[in-house]
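Taking it in order: structure first as structure tokens, then the write-up.
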Amino acid sequence: MATAVTPPRKDRGSMKEALRIADLFREEQRLVGQTIRVQGWVRTRRDSKAGISFIEVNDGSCLKNLQVIVELARPELVETLRSVTTGAGIQVEGVLQASPGKGQSVEMHAASIRLFGGADPATYPLQKKRHSFEFLRQIGHLRPRTNTLGAVARVRSRLSFAVHQFFQERGFFYLHTPIITSSDCEGAGEVFRVTTPPSRDDVAAPEAGDANVPDFFGKPAYLTVSGQLQAEIYALALGRVYTFGPTFRAENSNTSRHLAEFWMVEPEMAFCDLQEDLEVAQALIKNLLQVVLTDCNEDLEFFSRFIEPGLRENLERTLQTPFETVTYTEAVEQLKKAGETFAFPVKWGMDLQAEHERFLTEKIFEKPVALVHFPRHLKPFYMRVNDDEKTVAAMDILVPGIGEIIGGSQREERLDMLLQQMELKGISTEDYRWYVELREFGSVPHAGFGLGLERLIQFATGLPNIREVIPFPRTPGHAYF
RNA sequence: UCCCCGGUAGCUCAAUCGGCAGAGCGGGUGGCUGUUAACCACUAGGUUGAUGGUUCGAGUCCGUCCCGGGGAGCCA
């Protein structure tokens, strides 16, 4: 973030602490003429046999590199310089000076160079030139050293912090819902089964799913697909809570918008209806985009230039215009009137296809769209049934280019209606006794939603594939590291 | 999981109708230069994803499998 300050560190026996390059550029005017120390990785080196070499050092604190000037008249530096190749980890000390060259305001004139670890140019995979994202995924341990992945990591960090800021400033409590859960039927896709049978050397490893083998938890357990149901428990005690953590879907889906492990933000609010739910969702998205615009300026500029032209303008426009709110029924009418031939013809009662959602947000409204009040039979049991008894108080927020970024609803707080819904959807009132009891004891209207962090980052950075906006993507067949 | 398109040098890609395996970048060597996607010259670098088949001959055609990308479904 732009206002970061280098934390104090123990001196390592030399004259001064290393400076983060982001801090260096921020205070360059004050630092010119001073001797400083920088630690980082070599992006490239350009040699001038006439007398100097140029080293570009990046330490990950910002997009910018520091140009280091090495005078070849100094044999003690030249010896080290031979191993200072692309990828090497080094420390340099020297005087910061105004740069006569184009492309940088200041540069360091090296007085000493320390090589921590070299990188053989013949085998180091990262070149100075652009690499495909597909290739970078194969070297996931090195890809954060590239401009794009480094920038994504910084934006992701800032956005994660902003999520907490947003909710904490509004009186929400951060709730840790379980990663391992026994609730498995929330209509949110396939679950990962967590099974740990007792292991003994004299017993052959049991087959997974063998009903006769006692499980660690004594019953089937799963990785969470959503913290919502548990968040409802605490919302009905603390008023307003939010969860922010990893979520898992065992869906065999291979697309640029899906991961098997992703991060979700889920607020849950008591005494809240769909309208307020919608307002919070919109405020959250805009707040997060605003943070990127103000605090991630340099990285955003990079994305705007190399990833998605016009990105900054898109984000600014999104901030200024209210989201469109349309009922499912109205959306179906609009799509029918549009005169567009879809692969799947639109009719009331069907789930909207990706082509329909894209048409709504990219062609008809050209901005984020909140779709509300979906047919009851399309949505899970916990969503509040509307007075027409045909629809539920659900909302999906769609954004251009990405699609669904938020899914939420007002929850069914009426005991009789909840029981009717569970009956209809075949949900066991035995297994969800606790959920029913929340309606028997002090039930109040409440609502919430889930925001996919990675999809928001995609929207904010323009990265076309979700695998580039999470450090270690998990997809079918892929779980490296 | 389904549909479509790919897999050729470290990377990004080309190779006409089935007929000698190519370029740029990167690496190495030399030259040049306050350079900055540096520039110029030379040079090394290949089991064409795997496997089986058709053919005088397969990177190219056919079968199977593996991997990647795009789309769909599922959803965030």
Side-chain angles (χ1 to χ4, degrees), chain A residues 43-57 64-72 85-87 97 99-104 107 109 119-139 147 186-191 224-228 244 246-266 281 285 306 342-344 351-358 378-380 396-399 402-408 449-459 464-467 469-470 475-478:
Chain A
R43 280 296 174 80
T44 176
R45 191 189 82 205
R46 295 177 293 273
D47 296 324
S48 160
K49 294 287 187 333
I52 53 178
S53 277
F54 303 87
I55 309 171
E56 296 274 343
V57 182
K64 272 203 283 260
N65 304 323
L66 176 66
Q67 175 166 281
V68 175
I69 310 296
V70 183
E71 292 179 19
L72 302 180
T85 53
T86 301
Q97 294 184 11
S99 175
K102 288 177 189 152
Q104 63 282 319
E107 60 192 19
H109 288 246
D120 183 355
T123 51
Y124 185 62
L126 291 175
Q127 304 173 4
K128 291 181 247 182
K129 271 200 133 180
R130 196 192 164 277
H131 290 285
S132 68
F133 290 127
E134 292 83 359
F135 171 68
L136 291 176
R137 269 175 231 149
Q138 293 164 26
I139 48 168
N147 285 336
E186 293 160 20
E190 294 293 311
V191 292
T224 182
V225 294
S226 163
Q228 177 207 319
F244 182 18
T247 309
F248 307 88
R249 305 277 164 89
E251 214 66 51
N252 186 9
S253 59
N254 212 318
T255 82
S256 56
R257 306 178 307 280
H258 290 87
L259 292 165
E261 175 182 298
F262 62 99
W263 284 63
M264 190 150 65
V265 179
E266 295 179 285
I285 290 177
F306 294 107
F342 295 109
F344 295 85
D351 226 340
L352 291 181
Q353 308 290 308
E355 55 172 345
H356 306 135
E357 296 185 346
R358 225 179 298 125
L378 294 179
K379 294 291 185 182
D396 283 359
I397 297 184
L398 317 171
V399 297
I402 312 282
E404 186 175 346
I405 200 169
I406 277 181
F449 62 85
L451 165 72
L453 181 72
E454 285 75 17
R455 289 186 182 173
L456 181 86
I457 298 173
Q458 280 190 273
F459 189 62
N465 197 309
I466 200 165
R467 289 161 200 159
V469 299
I470 188 165
T475 53
H478 297 280

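Side-chain atoms are counted along with the backbone in the values below, which use heavy atoms only and exclude waters and symmetry mates. Here the structure is a predicted model, which is why all the values come from computation and not from measurement. Lettering follows sequence order; numbering is per chain, from 1.
Checking B:G70, B:A38, B:C11 against every side-chain atom of A:Thr44, the shortest atom distance belongs to B:A38. You'll find that the side chain of A:Ser48 is closest to B:U33, out of B:U35, B:G73, B:U33. Of the candidates B:U36, B:G73, B:G34, B:U36 carries the atom nearest the A:Arg46 side chain, counting heavy atoms from C-beta on. Of the candidates B:A76, B:G69, B:C74, B:G69 carries the atom nearest the A:Glu134 side chain, counting heavy atoms from C-beta on.
Of the charged side-chain nitrogens involved, none lies within less than 4.0 Å of a carboxylate oxygen, so that A:Asp351 and A:Lys379 do not count as a salt-bridged pair. Using a 4.0 Å cut-off between charged side-chain N and carboxylate O, A:Glu404 and A:Arg455 make no salt bridge.
Nucleotide B:G71 holds its P atom 12 Å from the NE2 atom of A:His258, rounded to whole Å. Taking atom CD on A:Glu404 and atom P on B:A72, their separation rounds to 14 Å, with Å as the unit. Residue A:Gln67 contributes atom CD, which lies 12 Å from atom P of B:A38 at whole-angstrom precision. For the pair A:Asp47 CG and B:G30 P, the computed distance is 12 Å after rounding to whole Å. Rounded to an integer number of Å, the gap from CG of A:Asn252 to C1' of B:A72 is 13 Å. Between the C1' atom of B:C13 and the CZ atom of A:Arg130 lies a distance of 13 Å, rounded to the nearest Å. The CD1 atom of A:Ile466 sits 8 Å away from the C1' atom of B:A76 (whole-angstrom rounding).
Contact of A:Arg249 with B:A76 (side chain to base): a donor-acceptor pair of N or O atoms is detected under 3.5 Å. Donor-acceptor pairing under 3.5 Å, judged by distance alone, is absent between the side chain of A:Glu355 and the base of B:G71. Under 3.5 Å, the side chain of A:Arg455 and the base of B:C75 form at least one donor-acceptor pair of N or O atoms. With hydrogens and angles left out, the side chain of A:Glu56 and the base of B:U35 share no donor-acceptor pair within 3.5 Å. The base of B:C11 is not paired with the side chain of A:His131 by any donor and acceptor separated by under 3.5 Å.
Rounded to whole Å, the separation between the C1' atoms of B:G34 and B:G30 comes to 22 Å.
Within the nucleic acid shown, A:Phe135 comes within 4.0 Å of sugar-phosphate atoms alone, with no base atom in reach, counting heavy atoms only. Within the 4.0 angstrom heavy-atom criterion, only backbone atoms of the sugar-phosphate kind lie near A:Ala354; the bases stay farther away. Among the protein residues, A:Gln127 comes within range of the nucleic acid bases, having at least one heavy atom under 4.0 Å from a base atom.
At distances below 3.5 Å, not a single donor-acceptor pair connects side-chain atoms of A:Glu56 with backbone N or O atoms of A:Gln67. A donor-acceptor pair is defined here as one N or O able to donate and one able to accept, closer than 3.5 Å; such a pair exists between the side chain of A:Glu251 and the backbone of A:Glu190. Side chain of A:Glu355 to main chain of A:Phe344: a donor-acceptor pair is present (N/O by atom type, distance under 3.5 Å, no hydrogens or angles). Remark: the backbone N or O of A:Pro464 is paired with a side-chain donor or acceptor of A:Gln458 at under 3.5 angstrom. A donor-acceptor pair under 3.5 Å is absent between the side-chain atoms of A:His258 and the main chain of A:Thr255, judged by distance alone. Between the side chain of A:Thr85 and the backbone N or O of A:Ala119, at least one donor-acceptor pair lies under 3.5 Å.
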_Stepwise salt bridge (Lys or Arg N to Asp or Glu O under 4.0 Å) test for A:Glu261 and A:Arg249_ = CA-CA 7 Å; A:Glu261 175 182 298; A:Arg249 305 277 164 89; over 6 Å; no
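The shortest distance between the side-chain N/O atoms of A:Arg467 and the OP1/OP2 oxygens of B:G69 is below 4.0 Å. Look at A:Gln353 and you'll find a side-chain N or O under 4.0 angstrom from OP1 or OP2 of B:G73. Contact annotation: A:Asn254 side-chain N/O to B:G71 OP1/OP2 distance is not under 4.0 Å.
Looking at which nucleotide of RNA chain B each of A:Arg358 and A:Pro476 is closest to, the 5′-most match is held by A:Pro476.
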*Tell me, what's RNA chain B's dot-bracket, Watson-Crick or G-U with both distances under 3.5 Å, | for other-strand, [ ] crossing?*
(((((((..((((.....[..)))).(((((.......))))).....(((((..]....))))))))))))....
